Protein chains: 2
Amino acid sequence: MSQGVEWALHTCLNLSWLDAPVPTSVLATFYELPPAYLNKQLQALARAGILTSTSGPRGGFQLARPPEAVSLLDIVTAIEGPEELFRCEQILRRGPGEHAGVDYRQSCEFSQVMRGADLAWRRELAGKTVADVRTGVERGHPEAPANTRARIAALR
Amino acid sequence: MSQGVEWALHTCLNLSWLDAPVPTSVLATFYELPPAYLNKQLQALARAGILTSTSGPRGGFQLARPPEAVSLLDIVTAIEGPEELFRCEQILRRGPGEHAGVDYRQSCEFSQVMRGADLAWRRELAGKTVADVRTGVERGHPEAPANTRARIAALR
DNA sequence: GCGTAACTACTCGGATATGCTGTGTCCGAGTTAATCTGG
DNA sequence: CCAGATTAACTCGGACACAGCATATCCGAGTAGTTACGC
């Protein structure tokens, strides 16, 4: 799984504590990440409708929706793409009992089990939102929001 | 996810219908797969203790355990390795409230959710065995075992 | 005919190339804010 | 002092290199079955 997912998750959480656009350079400095590459990931989040981008001075990225409406699955899908973890190449078509017209992604037993596991994984991720994580973080570290806002303001 | 997983799954199912070693060349011809590369995957399964390998004439691979004792997770782990889907690089260590000695794989909220999803995925795969899949296939295609045995015998 | 030893063919196993996706970087288009100028 | 045009800096966005892993292949080590030979 791509490294950018972790960056995207934490960046979305940080943005949920802010209400003005933040440029990539500031967000990158926050965790000492390569700015240009982080920008690439944020572009993907913007294309997915999770962030909105603003050009020019005082521009940057901000959350497009309230954090309650952004699931972790949304973020993972935006970065990794919509493909499922296991992709069935239907090698059964080459086997002895081959039926050329059959879609083995539906009929193959292995495909079904792998798809079920994939759905279980996605269900877990879809059930947690950025707001849920934010609540948990604030419970354990009440100073986190103020720290983040102060650090961002200092880097502007 | 690696392509070899699909090959390994179907190959293990086929081997569950046989009781003698089958060489890689025969197993590869079965689905028109590149023999040398399939051999590489089967080596991984052998290292994991899922298959046993026999050298020399009349040698090959066979299941090391009864199919009831081989879960799909065993096969996936043998091919893909034991790493979890999402690996936390602990970028929080670079953040403002950094605590150098903290293991963020445990304390980071995102890590916990991602790990929970990973466990849900693994639980599904661990709950299904090669024997389960075999039963399902035999229910829908009773001729499959005989077909497979005949094809293997013809290729020997 | 039988036992033994050499031989041959077959199989696994790891070492060796190639291509593609994830990773990382750079520069141009567009936009905003500030500045400067003239009334 | 104020309005408007110009300018300059800043930001995103996509196009351009690099690297590491999945993919694919090949050849050597070891083994078992076979064959030939001697007793």
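Because the structure is predicted, anything quoted here is derived from the model rather than measured. In what follows, chains are A, B, ... by sequence order, proteins preceding strands, each numbered from 1.
In this structure, OG1 on T148(A) lies 9.0 Å from CD on E143(A), to the nearest 0.5 angstrom.
Phosphate proximity of dC12(D) to T24(A): present, with a side-chain N or O under 4.0 Å from OP1 or OP2. Residue R47(A) places none of its side-chain N or O atoms closer than 4.0 Å to OP1 or OP2 of dC12(D). An OP1 or OP2 oxygen of dG14(C) is reached within less than 4.0 angstrom by a side-chain nitrogen or oxygen of Q43(B). A sub-4.0 Å separation between OP1 or OP2 of dA32(D) and a side-chain N or O of S55(B) is absent. In terms of phosphate contacts, Y37(B) brings a side-chain nitrogen or oxygen within less than 4.0 Å of OP1 or OP2 of dT23(D). One finds a side-chain N or O of S2(A) lying less than 4.0 angstrom from the OP1 or OP2 phosphate oxygen of dT23(C).
Rounded to a whole Å, the CD atom of E6(B) is 15 Å from the C1' atom of dA22(D). As a whole-Å value, the separation of L38(A) CG from dG22(C) P is 17 Å. In this structure, R156(B) places its CZ atom 13 Å from C1' of dG33(D), rounding to the nearest Å. Rounded to an integer number of Å, the gap from R87(B) CZ to dG20(D) P is 13 Å. Between N39(B) atom CG and dT25(D) atom P there is a gap of 13 Å when expressed in whole angstrom units. R58(B) places its CZ atom 13 Å from the P atom of dC12(C), with the value rounded to the nearest Å. Distance NZ (K40(B)) to P (dC26(D)): 14 Å, rounded to an integer number of Å. Across the protein-nucleic acid pair, Q41(A) atom CD and dT23(C) atom P stand 7 Å apart, rounded to whole Å.
When all heavy atoms of I79(A) and S2(A) are compared, the closest pair comes out as CG2-OG, 4.4 Å. Residue C108(A) comes nearest to H10(B) through the heavy atom pair SG-CE1, 3.6 Å, listed as atom of the first residue, atom of the second, then distance.
Side-chain N/O atoms of W17(B) and E138(B) include a donor and acceptor closer than 3.5 Å. With no hydrogens or angles considered, a side-chain donor-acceptor pair links D74(B) and S71(B) at under 3.5 Å.
Where F61(B) and M1(A) each meet DNA chain C at their nearest nucleotide, the meeting point lying more 5' is that of F61(B). Take the nearest nucleotide of DNA chain D for P34(B) and for E80(B): the residue whose nucleotide is more 5' is E80(B).
Closest to the side chain of A36(B), from the set dC12(C), dT25(D), dG13(D), is dT25(D). You'll find that the side chain of Q3(A) is closest to dT23(C), out of dC12(C), dT23(C), dT31(C).
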